[in-house]
J.: 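Have a look at the structure that comes next, please.
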Amino acid sequence: MFGRICNIRCLCGKSFSTSTFDHLSCVSRFEKYNSRSINSNNKITFSKNYLGCPLRKQHFDATEADYLNVPSAYDRYVFPEPPELISEEEHNIIAETVADCITNVSRGRLFAVVYVAGKQYKVTDYDLIRTDGFMSANVGDKIRLEKVLLVGGEDFTLVGRPLLKRSLVKIEATVIEKTPGVDKVIQYFRRKKSFEKKYIYTPSHTVLRINCVELWLYYSDHHMANFVSKLISSFLVILYVLIIATSVVPYTIILWSWIVVSAFLPITWFHKVEDRLWGWYQRMIVFFFEHCTGVEVFIKGNIPQTVENALVISNHQSLLDWIVADFIALRQGMVGNMRYVFKNSLKYYPLYGFGFGIHGGVFVRRDGQYNDRNMSEILQKLIKRNASLYFLVYPEGTRFNSKRKDILEKSQSFAIKSGLTPLTQVLTPRVKAFDSALNSLNTYIHAIYDITVIYDTSGKDMRPQPPSALQFLAGQCKRVYIHFERIPVDDALHKINTIKETDRATASMKWLHGRFEIKENILRDFYNLDEVSNGATDGNNSANRNKQQRHKLGKRSKLPLSYTFPAAAAFVLVNAFSLYFLLGRWMYLFTCTIGMFFCVLYAHFFFK
């Protein structure tokens with residue numbers, strides 16, 4: 001009665017065939033899903049769906065069909081042909097992109113979709129969710145949600161099939177509360193019957209606090225290689241920090257020994273050896289911060305190749321600023337002659353404060369109690385012994401931080417009060433230390449060096465935060481741009497004298513503020529270039545344009561390894577020998593305890 005084959009065509013145009021089954025089997029297979037009719041001409045009419053796939057209302061001739069594939073009796077769905085698979089190369093690119101997003105430290109907050117008590121919940125860190133029923137865990141217990149359907153971040157999403165592996169994601173929660181819910185009244189009626197049934201149902205709920213959504217990254221070779229590289233990088237950073245920190249102990253021991261020995265020698269001998277010792281310690285620091293990190297230094301401007309006395313002014317963003325100043329001084333051969341203006345609290349730093357003060361550093365207070373006489377006395381001593389001088393001043397007084405709006409607003413209000421233009425990329429410079437140094441050194445120095453330092457770090461902000469010392473050692477800052485300008489001191493004094501003001505300090509403040517307006521424009525142009533290159537255009541044109549614009553900010557300056565490696569090797573060897581012998585270990589212990597206490601007392605009473 002019923003033909004052997006039925007050809008069925010879906011709305012998508014795909015054909016599916018069945019063969020060699022009788023009328024009863026056909027009815028049993030399609031009865032649940034289709035409305036059909038069979039006429040006397042052995043034709044079947046399907047008017048609804050075939051196994052959930054919408055069909056055209058057509059007639060198919062069962063007797064003319066070919067004997068083709070026979071679907072299984074357990075087929076429940078009819079799928080169209082699968083999409084074309086992507087190439088292996090495209091798959092690898094996508095996998096590496098997702099892997100980079102996952103391993104990125106700044107990937108942002110993670111979210112997940114979990115299956116709990118028959119329902120799905122989208123959760124993130126510190127969320128509260130209310131589930132149905134009482135859990136077996138007690139209040140206060142920490143539990144792990146195992147059924148994770150999906151986890152994602154800002155730039156990626158991982159979807160389970162149907163669940164993600166337990167070794168890939170961890171979602172921890174704490175049971176906060178187990179409480180009954182609102183009563184529900186359930187009623188049953190029968191129409192036209194005197195039947196009514198009513199009862200009250202009280203649901204129960206468990207409240208969970210999501211403690212963390214963590215993604216475990218050890219699921220691919222790419223991640224494992226990335227993890228190993230980060231582990232090695234972290235180990236090297238710790239090694240660099242230990243060498244730099246422990247090298248101050250032999251530096252202090254050698255300095256004390258030279259102080260004792262030089263008591264019977266001319267004072268000029270002490271200062272020459274002390275300057276050389278300071279310079280070697282700074283060379284060691286430059287070795288780790290420039291050569292070991294592989295940072296690229298770009299300098300715009302001509303650094304003098306001869307030794308000359310100079311007053312240096314620079315913008316202040318990070319602890320690294322004084323190390324970048326070492327980069328410049330070492331290229332000029334003045335690293336051993338650097339003196340700084342420090343905030344007063346730095347003289348209490350263990351061992352370091354003692355070295356700063358002995359070398360000729362000036363400590364100033366930031367509470368308004370500026371000691372002009374102290375700076376003048378120190379500078380006059382340096383002039384009297386005809387010392388080579390590379391005197392560094394940070395006129396801003398504190399570090400610029402784009403996220404510290406209170407500091408920026410305070411600086412801008414000071415500028416408005418003083419009749420100056422408010423600045424946004426640097427702080428309004430304070431003139432006291434600069435004016436005092438210029439008055440004391442105006443006939444001794446040859447020039448004023450104006451330095452603008454820019455750290456090229458990745459970030460989504462308009463102006464990313466400068467790296468910390470640990471981040472810099474970890475290689476998170478690939479490039480440092482330095483805008484260098486040499487101003488002859490006579491030209492600077494002439495411009496200050498031409499400014500019509502009632503006193504010299506106000507004229508110096510206006511001239512100094514003009515220099516910082518130039519820094520403001522340099523920084524603004526740099527970060528605007530960053531913004532355009534990151535989001536305006538795509539492809540190689542943007543990269544090439546960005547590269548050309550960055551080259552306008554200076555030329556690559558490579559420092560020979562011979563400038564820094566001998567000093568670093570010397571301090572490492574001295575450290576090793578000191579710790580190897582018993583006498584050296586006792587000297588280490590004495591310096592780190594009694595010697596440190598003595599240095600702090602000396603700094604408190606003799607470094608004003």
J.: Would you say the side-chain atoms of S440 pair up with the backbone N or O of S436, donor to acceptor, closer than 3.5 Å?
T.: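 Yes, S440 side chain to S436 backbone: donor-acceptor pair under 3.5 Å.
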J.: Please step through side-chain contact (heavy atoms from CB on, under 4.5 Å) for the pair Q412 and T428, ending with a clear verdict.
T.: CA-CA 7 Å; Q412 291 174 343; T428 303; 5.7 Å; no
J.: For a 4.5 angstrom cut-off between non-hydrogen side-chain atoms, does L579 reach T246?
T.: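 SC-SC contact between L579 and T246 ruled out.
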J.: Indicate the ring-plane relationship of F581 and F577, choosing parallel, tilted or perpendicular according to the 30° and 60° boundaries.
T.: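 Plane angle under 30°, so parallel.
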J.: Heavy-atom count check: over 12 atoms from other residues, nucleotides or ligands less than 6.0 Å from M587 CE?
T.: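 Open.
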J.: Please check if atom OH in Y444 has more than 12 non-hydrogen atoms from other residues, nucleotides or ligands closer than 6.0 Å.
T.: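 Yes - once you tally the heavy atoms of other residues, nucleotides and ligands closer than 6.0 Å, there are more than 12.
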J.: Report yes if the side chains of T306 and H446 come closer than 4.5 Å at any heavy-atom pair, otherwise no.
T.: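 Not in contact.
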J.: Evaluate side-chain contact (heavy atoms from CB on, under 4.5 Å) for I454 paired with I522, printing each intermediate quantity in order.
T.: CA-CA 9 Å; I454 303 174; I522 294 172; 4.1 Å; yes
J.: Taking side chain as C-beta onward, heavy atoms only, is F472 less than 4.5 Å from V480?
T.: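 They are in contact (side-chain heavy atoms under 4.5 Å apart), so the answer is yes.
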J.: Among V362, L382, L392, I378, whose side chain to side chain contact (heavy atoms under 4.5 Å, CB included) with R339 holds?
T.: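 Filter result, single survivor: L382.
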J.: Do F288 and T564 make a side-chain contact, defined as non-hydrogen atoms from C-beta onward lying under 4.5 Å apart?
T.: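 A side-chain contact is absent here, since even the closest heavy-atom pair is not under 4.5 Å.
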J.: Could you walk me through whether Y449 and Q332 pass side-chain hydrogen bond (donor to acceptor under 3.5 Å, both in side chains), step by step?
T.: CA-CA 12 Å; Y449 294 167; Q332 192 180 351; 3.0 Å; yes
J.: Nearest heavy-atom pair of L320 and A469: which atoms, and what distance?
T.: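 Closest approach of L320 to A469, heavy atoms only: CD2-CA, 3.9 Å.
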J.: If we ignore hydrogens and angles and just use 3.5 Å, is the side chain of K347 paired with the main-chain N or O of F363 as donor and acceptor?
T.: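 No, the answer is negative, given that no donor and acceptor are paired below the 3.5 Å cut-off.
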J.: Consider ring-ring contact (aromatic ring centres under 6.0 Å, His included). Of Y394, Y340, W322, which one does H316 pass it with?
T.: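 By the ring-ring contact (aromatic ring centres under 6.0 Å, His included) criterion, H316 pairs with just one of Y394, Y340, W322: Y394.
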J.: Between Y481 and F298, how do the two ring planes meet: parallel, tilted or perpendicular, split at 30° and 60°?
T.: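 Parallel: the ring planes of Y481 and F298 meet at under 30°.
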J.: Among K519, R486, K300, find the one that has a salt bridge (charged side-chain N to carboxylate O under 4.0 Å, His left out) with D450.
T.: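 Answer after filtering K519, R486, K300: K519.
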J.: Which heavy atom of L389 sits nearest to which heavy atom of M334, and what is that distance?
T.: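 Scanning both residues completely, I find the closest heavy atoms to be O-CE, 3.6 Å.
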J.: If you apply the rule side-chain contact (heavy atoms from CB on, under 4.5 Å), what do you find for R515 with I487, and how did you get there?
T.: CA-CA 11 Å; R515 300 307 308 177; I487 307 168; 3.5 Å; yes
J.: Do we see a donor-acceptor contact under 3.5 Å between the side chains of E290 and Y563?
T.: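 The criterion, which ignores hydrogens and geometry beyond distance, is not satisfied for Y563 and E290.
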J.: Would D525 and N521 count as having a side-chain donor-acceptor pair, cut-off 3.5 Å?
T.: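 On atom types as modelled, these side chains do not qualify, holding no pair under 3.5 Å.
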J.: Identify the two heavy atoms, one from L589 and one from T593, that lie closest to each other, and give their separation to 0.1 Å.
T.: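 Result for this residue pair: O-OG1, 2.7 Å.
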J.: For the residue pair K478 and D456, establish whether any side-chain heavy-atom pair is separated by less than 4.5 Å.
T.: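 No - every pair of side-chain heavy atoms lies 4.5 Å or more apart.
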J.: Taking the side chain as C-beta and beyond, is there a heavy-atom pair between V364 and K432 under 4.5 Å?
T.: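 V364 does not reach K432 side chain to side chain.
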J.: Give a yes or no on whether R385 atom CZ has more than 12 heavy-atom contacts from other residues, nucleotides or ligands under 6.0 Å away.
T.: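 Enclosed: over 12 neighbouring heavy atoms sit under 6.0 Å from CZ of R385.
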J.: If you compare all heavy atoms of W278 against all heavy atoms of M338, which two are closest, and at what distance to 0.1 Å?
T.: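 Looking at all heavy atoms of both residues, the closest pair is NE1-O, 3.9 Å.
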J.: Looking at F571, I'd like to know if the NZ or CZ of R283 sits under 6.0 Å from its six-membered ring centre while staying within 45 degrees of the ring's axis.
T.: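 The answer is no, since R283 fails at least one limit relative to F571.
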J.: I'd like to know if the side chain of Q317 reaches the main chain of V453, judged simply by a donor and an acceptor atom lying under 3.5 Å from each other, with no hydrogens or angles considered.
T.: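 Flag set: sc Q317 to bb V453 pair under 3.5 Å.
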J.: Go through L561 and H291 one step at a time and tell me if the side-chain contact (heavy atoms from CB on, under 4.5 Å) criterion holds.
T.: CA-CA 7 Å; L561 188 61; H291 285 126; 3.7 Å; yes
J.: Using the six-membered ring wherever Trp is involved, compare the ring planes of W256 and F590 and label them parallel, tilted or perpendicular (cut-offs 30° and 60°).
T.: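 Rings of W256 and F590: perpendicular, as their planes differ by over 60°.
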J.: Might you point out which heavy atoms bring F516 and L427 nearest each other, and give the distance in Å?
T.: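 F516 and L427 have their closest heavy atoms at CD2-O, 4.0 Å.
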J.: Distance check, rounded to the nearest 0.5 Å: L512 atom CG versus R430 atom CZ?
T.: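 So the gap between those two atoms works out to 11.5 Å.
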J.: Assess the pair F354 and Y602: is the distance between their ring centroids shorter than 6.0 Å?
T.: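 That pair passes the under 6.0 Å test.
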J.: Salt bridge (charged side-chain N to carboxylate O under 4.0 Å, His left out) between E377 and K381: does it pass, once the steps are laid out?
T.: CA-CA 6 Å; E377 289 178 355; K381 289 180 181 178; 5.8 Å; no
J.: Is the side chain of S557 donor-acceptor paired with the backbone N or O of V297 at a distance under 3.5 Å, no angle test?
T.: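 Not at all, since once roles are kept as given, no pair shorter than 3.5 Å links the two residues.
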J.: Below 30° counts as parallel, above 60° as perpendicular, anything between as tilted: where do the rings of F342 and F356 land?
T.: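 F342 vs F356 ring planes: parallel.
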J.: Can you tell me if CG on N302 sees more than 12 non-hydrogen neighbours from other groups inside 6.0 Å?
T.: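 Atom CG in N302 is not packed in, count stays at 12 or less.
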J.: Classify the side-chain pair N401/Q465 by whether it contains a donor and acceptor separated by less than 3.5 Å.
T.: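 N401 vs Q465: donor-acceptor pair found between side chains.
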J.: Restricting to non-hydrogen atoms, name the atom on E520 and the atom on Q425 that form the minimum distance, rounded to 0.1 Å.
T.: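 It is OE1-N, 2.8 Å.
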J.: Evaluate the side-chain proximity of S388 to N309: yes if any heavy-atom separation is below 4.5 Å, no if none is.
T.: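 Answer yes - side chains close enough.
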J.: Does the side chain of L277 come within less than 4.5 Å of Y251's, by heavy atoms?
T.: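 They are in contact (side-chain heavy atoms under 4.5 Å apart), so the answer is yes.
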